[in-house]
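Order of the sequence lines fixes the chain letters, A, B, ..., with proteins taken first and strands second; residue numbering starts at 1 for each chain.
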Number of protein chains: 2
Amino acid sequence: MTTISDVAKKAKVSTATVSRVLNNSDKVRPATRDRVGEIIKELNFVPNVNALGLQRKKTKTIGLIFPDASAYYFAEIIQGINRHLSQNDHQILISSAHDEEEEIKTINGFVKGGRIDGLIMMMPSASDYKGLMIPLINNKIPVVLIACEIDAPRATTLLLDNYNSAKEMVHHLSDLGHKRIAFIHGGKHNYDAKERYRGYVDGRKEFQLEEREELEVVGNFTEASGYQSTITLMQRNPRPTAIFAANDAMAIGAIEAARVLKLSVPLDLAIVGFDDISSAAYTDPGLTTVHVPLRRLGHLAAESILKNLNMDPSERTTEKIIIPLQQVIRKSCGSKQESV
Amino acid sequence: MTTISDVAKKAKVSTATVSRVLNNSDKVRPATRDRVGEIIKELNFVPNVNALGLQRKKTKTIGLIFPDASAYYFAEIIQGINRHLSQNDHQILISSAHDEEEEIKTINGFVKGGRIDGLIMMMPSASDYKGLMIPLINNKIPVVLIACEIDAPRATTLLLDNYNSAKEMVHHLSDLGHKRIAFIHGGKHNYDAKERYRGYVDGRKEFQLEEREELEVVGNFTEASGYQSTITLMQRNPRPTAIFAANDAMAIGAIEAARVLKLSVPLDLAIVGFDDISSAAYTDPGLTTVHVPLRRLGHLAAESILKNLNMDPSERTTEKIIIPLQQVIRKSCGSKQESV
DNA sequence: TTTATAAATGTAAACGGTTACATTATAATA
DNA sequence: TATTATAATGTAACCGTTTACATTTATAAA
């Protein structure tokens, strides 16, 4: 490993001078600047990050915590984050949560160990406010929470407008004449799932639709659970005329179930989802859903982190950004006009 | 930030002793060990990673390079890697490649800057052997290549048996009576795509099927390209009786195209894919494909890295692991018996 | 109790950078 | 040319750990 003193020696200057040209700060005589620069290139010298971190107390890396499940969802967000962050010379350190307790330990280690300069958390089922936030607040690291419902002073929280979009979807279905709309839940503790459900419930109320308990069934965001849930729902009496699945994967399972049950979608049964994953446009019939701009979400997260990085902790504000979502009307709801 | 000397002071010992109990090495008197331990807990002390890294020349982090595209694919692999690595107290630093040149710079920075202890690369379209490997070899960091065709001495290369599985798929289609099987290419420079194509071509030859150029069309792994490619293919004369798409997303697009063209799948047109993504079981008809064990791939990568981490560079061997793939027969090929 | 030996602890120099301050070289002025 | 003022460079301390080596303390043997 070549160090700064190797460079210094070869250039016959002190390490201080090399450091100066490295940070192209101060006034270094052009002649020496060039000479040292040459040698840096020649030796292919890269400063040691640990030494830098130790000195500067900055690591140029952002921690990223995300749940173990729903790989697709988070992969897109990560790409969004990464693109923006890497352009700004920052790296991403990832850690995937199994359970909340373990996650708190990880965060604590990251922050107190000086491993990261900022933190982005996607923990849709987080609950332990104190365990999660206290170390962060104490350590004055900027934080972005994605789809996370804990109260976080001086942090940026990025939320999808699940509630209104879900309600809007119920509205749409109601407009098409449906009175009995079923709902397939996502994960029990999942923030998005809960908000979507809340929108469904309030929509039901608002448009005076049936509100029986038999219209709800619990899934877990997978195609298989959507399939199974639909089979269950259609055995009930009376049957729903429409199914609102908390995400597209379950909606895809629901469509398959309808096929097996020889029900026509949307004639016998309307089915709608949430997320607008890439294959939603290619189901039969095309899936009516709500588009979630995942990359944009990632981009916003990165932007916020970067903005807060150089800010004095006391200047940071508590921000809550609610991202409006776009309904995508395809055929599976029975609507005539198709959006997009 | 609490440091080791804060602990030392409070415990009235030297930093050396604190360091000793931290690494529970050497012989520390049980009494002092306990006392110091107490204080460490009390102060919630976590050693500074940069100081550790500087001293030990180990960062407990593994670099992970992956392409900008195909988020789904890589997300699963990352989960596989992460699960294994985090259990072994290692972190993942990710970087997403835009182009090869930039990537080489990143790798160089990671390695020479002492940021990582090992590297896992997923660059299916990598070509520049020297630029990529030389710095790694020089720096004696263990390397795992996933689906990457460059020659890498002392590295572990993880490959899918794309070739044989693709050939087997052609075999299967041939058995079902197809003579004119079309192929939708994936990315032009993508390793997996090329291998799958190679298997297709050799299968065609082996089973004496038609070998006309009009049976091939170039896609880019997206549903949209699969759709478009199928439209193109079905305008040609004579039409193929089966389509082999280089991945499932394109196969899904192909199924949709068939629907639009009012062709029955599999009666008028058999369609098969590759990957076995989660929704492949829920298309109509269910998609015949090849299962790719992504998490397992990630697990193997992590395992190899960990194994090589503590090895003397001179002892590392050049390994090439070819992972056999399992065919998944569903309805879209027209087969009677269903596997899985 | 003294002495030899082993165990526990402390001291200080690394690791590879940055930077306040001291020093030296250069340019400007008289 | 001598004297300043200023620009360029060097010196050494520091960031927070680890660890070889030195020193102290405890234990065992005489």
When you measure from the side chain of [X], which nucleotide among [options] comes out closest?
X	options	value
A51(A)	dT17(D), dA20(C), dG17(C)	dG17(C)
T17(A)	dC15(C), dG10(D), dG17(C)	dG10(D)
A16(B)	dG10(D), dT19(D), dT9(C)	dT19(D)
Q55(B)	dT17(D), dG16(C), dC21(D)	dT17(D)

So does [X] get a side-chain nitrogen or oxygen closer than 4.0 Å to the phosphate oxygens (OP1/OP2) of [N]?
X	N	answer
T15(B)	dG10(C)	no
S19(A)	dT18(C)	yes
T3(A)	dG16(C)	no
N23(B)	dT18(D)	yes
R29(B)	dT9(C)	yes
K57(B)	dT18(D)	no
R56(A)	dG17(C)	no

Rounding to an integer number of Å, can you tell me how far [X] [atom1] sits from [N] [atom2]?
X	N	atom1	atom2	result
K112(B)	dG17(C)	NZ	P	11 Å
N24(B)	dT18(D)	CG	C1'	15 Å
D6(A)	dG17(C)	CG	C1'	13 Å
N50(A)	dT18(C)	CG	C1'	15 Å
L43(A)	dG17(C)	CG	P	12 Å
N48(B)	dT18(D)	CG	P	10 Å
K12(B)	dG10(C)	NZ	P	12 Å
R20(B)	dC21(D)	CZ	P	14 Å

Work out which heavy atom in [X] is nearest to a heavy atom in [Y]; give both atom names and the distance.
X	Y	value
P124(B)	F74(B)	CG-CZ, 4.5 Å
P142(A)	N308(A)	CB-CB, 3.6 Å
I120(B)	A302(B)	CD1-N, 4.4 Å

Side chain to side chain contact (heavy atoms under 4.5 Å, CB included), paired with L22(A), selected from V7(A), T17(A), I40(A):
I40(A)
Have a look at [X] and say if it touches a base, only the backbone sugar-phosphate, or nothing, with a 4.0 Å heavy-atom cut-off.
X	answer
T32(B)	sugar-phosphate
V13(A)	sugar-phosphate
K58(A)	nothing

Return yes if a side-chain donor-acceptor contact under 3.5 Å exists between N190(B) and S125(B), otherwise no.
no
Can any side-chain N or O of R20(B) pair as donor or acceptor with the backbone N or O of V28(B) at less than 3.5 Å?
no
